[in-house]
Amino acid sequence: MKGAAQDTPGGKITDWVKPGDPSGEFKRQQSSFRDCISREPGARFPPEKGRYHLYVSYACPWATRVLIARKLKGLEEVISFSSVHWHMGPKGWRFPTADDTDAAGENVVPDPVPGHEKFTHLRDVYFQANPQYEGRFTVPVLYDKKTQTIVNNESSEILRMFSTEFNDLVDEKHRTIDFYPAHLRAQIDETHEWQYDLINNGVYKSGFATTQQAYEKAVVALFEALDRAEAWLEKTAAEGPYWFGQTITEVDIRLFVTIIRFDPVYVQHFKCNIRDIRSGYPALHRWMRHLYWTVPAFRDMTNFLHIKNHYTRSHPQINPHGITPVGPVPDILPLDQEVVVVGYQGKR
Ligand SMILES: N[C@@H](CCC(=O)N[C@@H](CS)C(=O)NCC(=O)O)C(=O)O
């Protein structure tokens, strides 16, 4: 049986750093399913109401990117979704059961796709799509119910598909929303380049490092990138409230999901503690709270219960007893509550 002798075909699920790799550095694998839903005539996966299902975890920042986009684009009736349980065990993400009472949230349900009644773990979906699959069983997964396969499991690509490919199926108001508008593409690409590696993935590189050197390299680079983000938001505050002025773009969505997890989880669990957001980065803090408190898609798709429990109880190599810290209290401050800034003077 698949996975009987080991957690994944490549090793244990908690092997975030390859065993024996002396660098101690976390290296993220490439996503494997890279097909696209496309409006082009004759496309293998055309946009169609009710055809696709999105598997996510509320805990996961990559998955939350596409959940936010789905809602902002008014795709609730077009693409169904469900969330796995927040706990990731030796077999990876599992579907909640009727006995689970500790994972409240919209659509936190057993696999709802017809024909999947016996599926207990997300890995079952991966093996249905490819019985020889050898990669990690990650969320998000965009699944095609019609051909019973995975279309794509790379959040940045799913996010982009949601922005444009379903426009014929949504109303006028949502059709004009474009997270990757032509006039900003070059700037968006350039911003993704440093934010992905240093911030979105930087928190993981910091937290999963198994040598002091690998950790320090990642955490220092992460905070330099946060300084850069802070400087940009400070400089452009008058044009805001979003990263590029008046329009929500991919950059807001992709950066938000990391920054919202920062104080509740990354500061302590991933040792990203040179500063925190609330007392160290006033402009980022304001930008994040504005999105959370004034744009419902951001707030509705943020589930702190799943976020805090997942990280602290699914990484025994970091937190062997699985104790979830109570603070910070609250998880996010109110919109109008400014904090006296400590530490941040533009340099460490
Ligand atoms: N490149 C992927 C990364 C997704 C990813 O790493 N998801 C994590 C959760 S935050 C996951 O499912 N990990 C399970 C595993 O690696 O076993 C994307 O952006 O879609």
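This structure is a prediction, so every number in the text was calculated from the model and none was measured. Below, each value reflects all heavy atoms present in this structure, side chains not excepted, and no hydrogens, waters or symmetry copies. Counting starts at 1 for both ligands and their atoms, in listed order.
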Original post:
Near K217 NZ, under 6.0 Å, is it more than 12 heavy atoms from other residues, nucleotides or ligands?
Top reply: no
**OP:** Using a 4.0 Å heavy-atom cut-off, say whether Y196 meets ligand 1 through its side chain, its backbone, both or neither.
**Re:** neither
Original post:
For ligand 1, is G92 a contact, meaning one of its heavy atoms is under 4.0 Å away?
Top reply: no
Original post:
Taking NZ, NE, NH1 and NH2 as the nitrogens, is one of them in K205 or D197 under 4.0 Å from a carboxylate oxygen of the other?
Top reply: yes
Original post:
Is the number of heavy atoms from other residues, nucleotides or ligands under 6.0 Å of E239 CD greater than 12?
Top reply: yes
Subject >> NZ or CZ of R160 within 45° of Y180 ring axis and under 6.0 Å >> reply: yes
**OP:** Specify side chain, backbone, both or neither for Y55, according to which of its non-hydrogen atoms lie closer than 4.0 Å to ligand 1.
**Re:** neither
Original post:
Polar-atom distance check: Y204 versus ligand 1, any N or O pair below 3.5 Å?
Top reply: no
Original post:
Quick one: does E154 get an N or O within less than 3.5 Å of an N or O on ligand 1?
Top reply: yes
Original post:
Between Y311 and Y204, what is the ring plane arrangement, given parallel below 30°, perpendicular above 60°, and tilted in between?
Top reply: tilted
**OP:** Find all atoms of ligand 1 within a distance of less than 4.0 Å from any non-hydrogen atom belonging to R136, and give their numbers and elements.
**Re:** 15 (C), 16 (O), 17 (O)
Original post:
With a 4.0 Å cut-off on heavy atoms, is M88 touching ligand 1?
Top reply: yes
Original post:
Taking atom 4 (C) of ligand 1 as the point of reference, which of V139, V84, V66 owns the nearest heavy atom?
Top reply: V139
Original post:
Under 3.5 Å between some N or O of ligand 1 and some N or O of W93?
Top reply: yes
